[in-house]
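Note sheet for the following structure.
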Amino acid sequence: MMKTHFTYGIFLSLILLLMTSGNAFSQINLDEINGIHLDFTIKQTKKKIGQKLNLEKTKDGFGGYNLQTSVVYKSISYQLIFSSLEEENDLKFYNLDRISTCSDKAKTDLGIRIGNTLKEVQDAYKIYENEPYFSISQGPETLDPEDKTVEYYQIYDSESGHLLRFSFTDNRVSEIEIASVDSL
């Protein structure tokens, strides 16, 4: 009887820990959005979301091509972008490079959603400020030194090569994106 109560107590403690840990039920972190991982192949992504992907070929701005699509998964709309360094006609070489959402139903592992303010994002993500392998940057999209409007806030993990980026409109989060990038 004592062993059963002890085991049950540990089980309840673990459940409580998971519920309060910040990312147990979150949808977005530096590596994935709602279980869709960066660097997934097209086949892995189809299997995860359980639906056909209507991929559209677009130029990537560097002389290559990306494949992109919009999906609704777990009631949230996402934009998925696949890229490849290989032959652009061979779909097995494309990997999920970027995932973004403008849905107010999505939230990050630290509770940030569309509509949160810049200050709320800064406060939530200051835990990465002095961590090795992480860098934080923010600023305007323009190079004009007079422009002080913050239009993005991003956290880059140099160890994984993944980036979490918040875009702002009128000081409110308007888009959340994760991306796989070589370096910043």
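Worth knowing before you read on, the calculation uses all heavy atoms, side chains too, and leaves out hydrogens, waters and symmetry mates.
For the ring pair (Phe, Tyr, Trp, His ring centres under 6.0 Å) condition, no pair includes a residue of residues 99-118, sequence neighbours left out.
Residues satisfying the ring-ring contact (aromatic ring centres under 6.0 Å, His included) test with Tyr152, not counting sequence neighbours, are none.
Annotation: the span from Gln79 atom CD to Glu175 atom CD amounts to 8.5 Å, rounded to 0.5 Å. We find the CD-OG distance between Gln68 and Ser83 to be 12.0 Å, quoted to the nearest 0.5 Å. Here the straight-line distance linking atom CG of Asp170 with atom CG of Leu118 works out to 12.5 Å at 0.5 Å rounding. Note: Ile178 CD1 to Leu164 CG = 7.5 Å, rounded to the nearest 0.5 Å. Separating the OG1 atom in Thr45 from the CD atom in Gln51 is a distance of 11.0 Å, to the nearest 0.5 Å.
Residues Phe82 and Ile42 have side chains in contact (heavy-atom distance under 4.5 Å, counting atoms from C-beta outward). By the 4.5 Å heavy-atom criterion applied to side chains, Asn116 and Arg113 are counted as neighbours. Annotation: side chain of Tyr78 is in contact with side chain of Ile33 (closest heavy-atom distance under 4.5 Å). For the pair Asn95/Phe40, no side-chain contact is recorded, criterion being any heavy-atom separation below 4.5 Å from C-beta on. Counting heavy atoms from C-beta outward, Tyr156 and Tyr128 have side chains that stay 4.5 Å or more apart. In this structure the side chain of Val173 reaches within 4.5 angstrom of the side chain of Ile112, judged on heavy atoms. Using a 4.5 Å cut-off on side-chain heavy atoms (C-beta onward), Glu177 and Ser167 make no contact. Side chains of Leu96 and Thr41 form no contact here, defined as non-hydrogen atoms less than 4.5 Å apart.
Judged by distance alone, the side chains of Asp31 and His162 do bring a donor and an acceptor atom under 3.5 Å apart. With no hydrogens or angles considered, a side-chain donor-acceptor pair links Ser180 and Asp39 at under 3.5 Å. A donor and an acceptor atom, one from each side chain of Thr108 and Tyr125, are located under 3.5 Å apart. For the 3.5 Å distance criterion, the side chains of Ser137 and Gln154 qualify, holding a donor opposite an acceptor.
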**Chi angles and distances behind the side chain to side chain contact (heavy atoms under 4.5 Å, CB included) call for Asn66, Asp97** = CA-CA 9 Å; Asn66 291 329; Asp97 188 54; 5.5 Å; no
**Request:** Tell me, with the steps shown, if Arg165 and Tyr153 meet side chain to side chain contact (heavy atoms under 4.5 Å, CB included).
**Result:** CA-CA 6 Å; Arg165 180 181 174 103; Tyr153 181 95; over 6 Å; no
**Prompt:** Step by step, would you call Leu163 with Ile155 a side chain to side chain contact (heavy atoms under 4.5 Å, CB included)?
**Reply:** CA-CA 6 Å; Leu163 173 80; Ile155 300 97; over 6 Å; no
**Request:** Test Gln138 against Glu151 for side chain to side chain donor-acceptor pair (under 3.5 Å), laying out the working first.
**Result:** CA-CA 8 Å; Gln138 69 180 39; Glu151 295 172 357; over 6 Å; no
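Glu32 pairs in a side chain to side chain contact (heavy atoms under 4.5 Å, CB included) with only one of the listed residues (Leu30, Asn29, Asn34), which is Asn29.
Side chain of Thr117 to main chain of Arg172: no donor-acceptor pair is present (N/O by atom type, distance under 3.5 Å, no hydrogens or angles). A side-chain donor-acceptor contact under 3.5 Å links Thr101 to the backbone of Ser77. Proximity of a side-chain donor or acceptor of Gln27 to a complementary backbone N or O of Lys107 within less than 3.5 Å is detected.
By the rule that hydrophobic residues join a cluster once side-chain heavy atoms approach within less than 4.5 Å of another member, Leu55 and Ile81 end up as members of separate clusters.
What you find for Ser103 and Ile114 is that their closest heavy atoms are O-CG1, 3.2 Å.
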